[in-house]
Amino acid sequence: MRESKQARLERMHAEYAILCREFPAPKCALHFTNPFELLVATVLSAQTTDKRVNSVTPALFASYPNAAALANARAEDVEDIIRPLGFFRSKTQHLLGLANALDRDFGGVVPRTMDELTGLPGVGRKTANVVLGNAFHIPGFPVDTHVMRVTGRLRWRSDWRIAKSDPVKVEREICACFPPEEWTDLSHRLILHGRAVCHARTPDCANCPLNETCPSAG
DNA sequence: ATCCCGAGGG
DNA sequence: CCCTCTGGAT
C-alpha cells in the first residue's frame with residue numbers, strides 16, 4: 001500500500017530530526033564567510049574532500065585574495081598550488097575563467113542570484129546553492145551525488161543511479177517539504193550521512209539511524 | 001582497486 | 001545519456 005502524502009511528510013521530518021542527532025553541529029566544512037573565498041573553495045571541492053581543499057586555500061588566497069588578482073594569475077602558478085586536489089588543470093581553467101568573468105561582469109563582486117552564479121564558468125546549481133546559502137543566507141538546496149542517492153533511497157526507493165534521475169526534481173521535491181531556513185542544513189546533513197553511512201555500493205543499513213523507516217533498508 | 005561534498009562537453 | 005578530468009587516501 002502506498003504511503004500517503006501526509007505520512008511521507010511526517011516521516012521526512014522525523015528522519016531530518018534523526019539526522020540532526022547524528023550530526024549535532026554540521027557547519028559548512030568550507031568555513032569561509034567571504035563570498036569570493038567560499039565560491040572558489042566550493043568550486044575546488046568537486047571530487048575531493050573538504051580537508052584537502054582546506055589544505056591549499058591558505059596559499060591560494062594569500063597569493064590571490066580577490067577576483068582581480070586571480071584573473072591575472074598565471075595558470076601554472078595556480079596549478080602548482082591546487083595540484084594535490086586532482087583535476088587541477090580543468091579546475092585551474094575554471095578558476096581563471098571564473099575570476100575573469102567576476103571581474104569583468106560583476107566588478108569582482110560575487111553575484112547573489114542562481115542565474116548569475118550558474119552563468120560563471122565552473123559553477124553549477126550545487127555550487128551556487130552552497131554559496132547562496134552559506135555566504136548570503138539565501139535559502140537553497142544543494143544537490144550533489146550523495147543527496148541524489150540518499151533521497152533516492154529514502155524517498156523514491158528508485159535505483160539511485162544519478163544519470164537517470166533529475167537533480168532539479170529532487171531539489172523541488174525536498175524544498176516543497178521543508179521550510180526554506182532548513183534547506184541548506186538538511187542538504188549538508190544528507191551529504192554527511194551519505195558519506196558516513198549510506199554509501200553508494202555498500203550502504204551500512206545495519207548501523208543506519210534511519211533503517212526503521214527507510215524503504216530501501218536491507 | 002575504489003572512492004572522493006561536480007561541472008562541462010560530446 | 002554518457003564521458004572526462006586527476007591526485008591522494010584508504
Side-chain angles (χ1 to χ4, degrees), chain A residues 16 19-20 22-23 25-32 37-57 59-60 75-76 78-102 110-111 114-135 140-154 158-171 174 182-204:
Chain A
Y16 179 37
L19 288 181
C20 288
E22 188 183 5
F23 304 106
K27 39 185 190 281
C28 188
L30 308 168
H31 58 275
F32 306 96
E37 293 186 347
L38 179 60
L39 176 57
V40 169
T42 307
V43 168
L44 290 179
S45 74
Q47 289 297 296
T48 332
T49 61
D50 51 304
K51 202 175 200 174
R52 264 174 275 165
V53 173
N54 287 331
S55 75
V56 304
T57 44
L60 188 65
E76 264 181 49
V78 175
E79 285 182 1
D80 285 340
I81 296 175
I82 69 171
R83 188 178 308 274
L85 302 182
F87 298 105
F88 65 92
R89 251 182 293 263
S90 54
K91 280 177 184 171
T92 296
Q93 270 196 308
H94 286 155
L95 281 195
L96 295 187
L98 170 63
N100 265 296
L102 271 180
V110 178
M114 173 61 70
D115 285 349
E116 289 172 318
L117 281 168
T118 53
L120 297 166
V123 181
R125 278 190 84 81
K126 192 266 179 180
T127 301
N129 271 328
V130 168
V131 171
L132 288 172
N134 290 290
F141 188 75
V143 176
D144 71 340
T145 57
H146 297 292
V147 173
M148 290 295 291
R149 183 177 69 253
V150 175
T151 55
R153 285 170 173 163
L154 232 33
S158 58
D159 194 41
W160 48 267
R161 297 165 75 127
I162 301 139
K164 296 200 167 179
S165 305
D166 178 357
V168 180
K169 178 182 172 186
V170 172
E171 202 179 310
I174 300 294
E182 292 179 346
W183 292 345
T184 302
D185 182 69
L186 172 60
S187 167
H188 188 44
R189 290 183 200 272
L190 288 172
I191 290 170
L192 294 178
H193 181 250
R195 295 191 58 183
V197 180
C198 197
H199 300 116
R201 310 266 175 174
T202 53
D204 190 6

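Below, each value reflects all heavy atoms present in this structure, side chains not excepted, and no hydrogens, waters or symmetry copies. Just so we're clear, the structure is a prediction, and the values are computed from it rather than from any experiment. In what follows, chains carry the letters A, B, and so on, assigned in the order in which the sequence lines appear, proteins first and then strands, with residues in each chain numbered from 1.
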What's the [atom1]-[atom2] distance between [X] and [N], to the nearest Å?
{"X": "Gln47(A)", "N": "dC5(C)", "atom1": "CD", "atom2": "P", "value": "13 Å"}
{"X": "Gln93(A)", "N": "dT6(C)", "atom1": "CD", "atom2": "P", "value": "9 Å"}
{"X": "Asn54(A)", "N": "dG8(C)", "atom1": "CG", "atom2": "C1'", "value": "16 Å"}
{"X": "Leu85(A)", "N": "dG6(B)", "atom1": "CG", "atom2": "P", "value": "12 Å"}
{"X": "Leu44(A)", "N": "dC5(C)", "atom1": "CG", "atom2": "P", "value": "19 Å"}
{"X": "Leu98(A)", "N": "dG8(B)", "atom1": "CG", "atom2": "P", "value": "10 Å"}
{"X": "Glu79(A)", "N": "dC5(C)", "atom1": "CD", "atom2": "P", "value": "14 Å"}
{"X": "His199(A)", "N": "dT2(B)", "atom1": "NE2", "atom2": "C1'", "value": "12 Å"}

Tell me which of Ile191(A) and Thr118(A) sits closer to the 5' end of DNA chain B, going by the nucleotide each one is nearest to. Ile191(A)
Whichever of His146(A) and Gly124(A) has its nearest DNA chain B nucleotide further upstream toward 5': His146(A)
Answer with base, sugar-phosphate or nothing: what part of the nucleic acid does [X] contact at a heavy-atom distance below 4.0 Å?
{"X": "Val123(A)", "result": "sugar-phosphate"}
{"X": "Ser187(A)", "result": "nothing"}
{"X": "Ile82(A)", "result": "nothing"}

Would you tell me if any nitrogen or oxygen in the side chain of Thr48(A) comes within less than 4.0 Å of OP1 or OP2 on dG7(C)? no
Is the distance from OP1 or OP2 of dG7(C) to the nearest side-chain N or O of Arg52(A) less than 4.0 Å? no
Side chain of Asp144(A): nearest nucleotide among dC3(B), dC5(C), dG6(B)? dG6(B)
Assuming nearest nucleotide by heavy-atom distance, tell me which of Lys51(A) and Lys91(A) is located more 5' along DNA chain C. Lys91(A)
Using the P atom in both, what is the distance from dG10(B) to dT6(C), to the nearest Å? 15 Å
